[in-house]
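From a predicted model like this one, the values you see are computed outputs, not experimental measurements.
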Amino acid sequence: MALNIVLIEPEIPNNTGNIGRLALASGSILHLVKPFGFEIDDTRLKRAGLDYWQHLQVIYYENINHFFEQNKDANMVFLSSHGSQNHWDIPFKDNMFLVFGKESVGLSKSIITANSNKLYKIPLYSQHVRSLNLANAVSIVIYEGLKHIN
């Protein structure tokens with residue numbers, strides 16, 4: 001049993017470190033798509049991931065094209081505030097790829113357009129909040145997925 005957490009061009013090392021810790025705790029695989037907004041040996045990344053990073057299964061990709069080429073047959077869903085379906089309606093399956101965009105702008109318009117039928121959001125119940133922190137959003141979706149596939 002595993003889910004795949006995909007971070008496209010993550011920008012904040014603390015978020016990526018926390019998501020790495022979450023990946024290990026949940027039995028998930030972390031996929032990191034370059035370019036990053038930090039160096040992979042950034043102390044903030046390591047601090048957020050504590051001493052867990054060495055035990056984590058991480059796959060790196062040079063760019064978004066490389067990621068899609070390597071995983072062309074994968075079962076993927078995409079998370080965005082632009083989704084029309086809620087995250088609890090994702091048809092979770094073992095080995096599913098859960099794709100998240102970068103902190104500042106989310107997923108690109110081209111990815112959103114190409115995958116509109118596989119686009120999900122976490123509902124927000126306040127008009128004063130644009131989005132959730134990336135690490136929080138990943139946590140919500142991963143544990144919802146584990147509930148469904150376990």
Side-chain angles (χ1 to χ4, degrees), residues 1-38 40 42 45 48-50 52-125 129-150:
M1 182 246 8
L3 292 170
N4 294 277
I5 301 167
V6 181
L7 303 182
I8 297 177
E9 302 177 5
E11 299 169 315
I12 301 173
N14 304 57
N15 279 338
T16 302
N18 283 321
I19 293 166
R21 186 188 318 186
L22 169 71
L24 186 60
S26 64
S28 299
I29 299 166
L30 181 60
H31 301 257
L32 298 177
V33 181
K34 295 177 184 178
F36 307 143
F38 53 87
I40 203 64
D42 190 302
L45 172 78
L50 295 174
Y52 305 125
W53 201 260
Q54 65 193 11
H55 304 291
L56 178 63
Q57 185 176 354
V58 185
I59 302 171
Y60 298 96
Y61 302 89
E62 289 305 311
N63 55 51
I64 192 66
N65 292 332
H66 181 220
F67 168 75
F68 282 120
E69 287 169 12
Q70 293 294 309
N71 299 290
K72 62 180 172 261
D73 296 323
N75 181 12
M76 293 187 197
V77 296
F78 300 82
L79 285 297
S80 169
S81 61
H82 300 288
S84 59
Q85 306 171 81
N86 289 324
H87 75 286
W88 48 67
D89 296 324
I90 295 172
F92 288 102
K93 302 264 189 267
D94 190 34
N95 204 33
M96 178 175 269
F97 282 64
L98 305 166
V99 183
F100 297 84
K102 58 180 149 184
E103 290 92 339
S104 62
V105 295
L107 295 170
S108 69
K109 289 182 195 244
S110 62
I111 290 175
I112 288 171
T113 301
N115 298 284
S116 61
N117 62 329
K118 299 184 283 184
L119 194 64
Y120 295 86
K121 67 179 179 181
I122 298 169
L124 301 175
Y125 298 100
V129 177
R130 286 186 309 278
S131 63
L132 295 173
N133 169 276
L134 180 61
N136 292 338
V138 174
S139 298
I140 290 167
V141 175
I142 286 296
Y143 277 96
E144 181 71 19
L146 292 175
K147 180 176 87 175
H148 289 272
I149 64 176
N150 279 332

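Under the side chain to side chain donor-acceptor pair (under 3.5 Å) criterion, Gln57 pairs with no residue at all, not counting sequence neighbours. Among residues two or more places apart in sequence or in another chain, the side-chain contact (heavy atoms from CB on, under 4.5 Å) test is passed with Glu144 by His87, Trp88, Phe92, Lys147, His148. The salt bridge (charged side-chain N to carboxylate O under 4.0 Å, His left out) search around Glu62 returns Lys34, not counting sequence neighbours. Residues forming a salt bridge (charged side-chain N to carboxylate O under 4.0 Å, His left out) with Lys121 (at least two apart in sequence, or on another chain): none. In this view, Glu103 satisfies the salt bridge (charged side-chain N to carboxylate O under 4.0 Å, His left out) rule with no residue, not counting sequence neighbours. Evaluation of the side-chain contact (heavy atoms from CB on, under 4.5 Å) rule for Asp73 yields no partner, not counting sequence neighbours. Residues satisfying the ring pair (Phe, Tyr, Trp, His ring centres under 6.0 Å) criterion with Phe100, sequence neighbours excluded, are absent altogether. Residues satisfying the ring pair (Phe, Tyr, Trp, His ring centres under 6.0 Å) criterion with Tyr61, sequence neighbours excluded, are His31, His66, Phe67.
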Residues 105-113, side-chain donor-acceptor partners within the protein, below 3.5 Å, at least two apart:
from, atom 1, to, atom 2, distance (Å)
Ser108, OG, Ser110, OG, 3.1
Ser108, OG, Ile111, N, 3.2
Thr113, OG1, Lys109, O, 2.9

Using a 3.5 Å cut-off and no angle test, enumerate the donor-acceptor pairs between side-chain atoms of residues 132-139 and protein atoms at least two apart in sequence or in another chain.
from, atom 1, to, atom 2, distance (Å)
Asn133, OD1, Ala135, N, 2.8
Asn133, OD1, Asn136, N, 3.2
Asn133, ND2, Asn15, OD1, 3.1
Ser139, OG, Ala135, O, 2.9

Side-chain donor-acceptor pairs of residues 76-86 under 3.5 Å, sequence neighbours excluded:
from, atom 1, to, atom 2, distance (Å)
Ser80, OG, His82, N, 3.0
Gln85, NE2, Asn117, O, 3.3

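Looking at Asn75 and Asn95, their side chains never bring a donor and an acceptor atom within 3.5 Å of each other.
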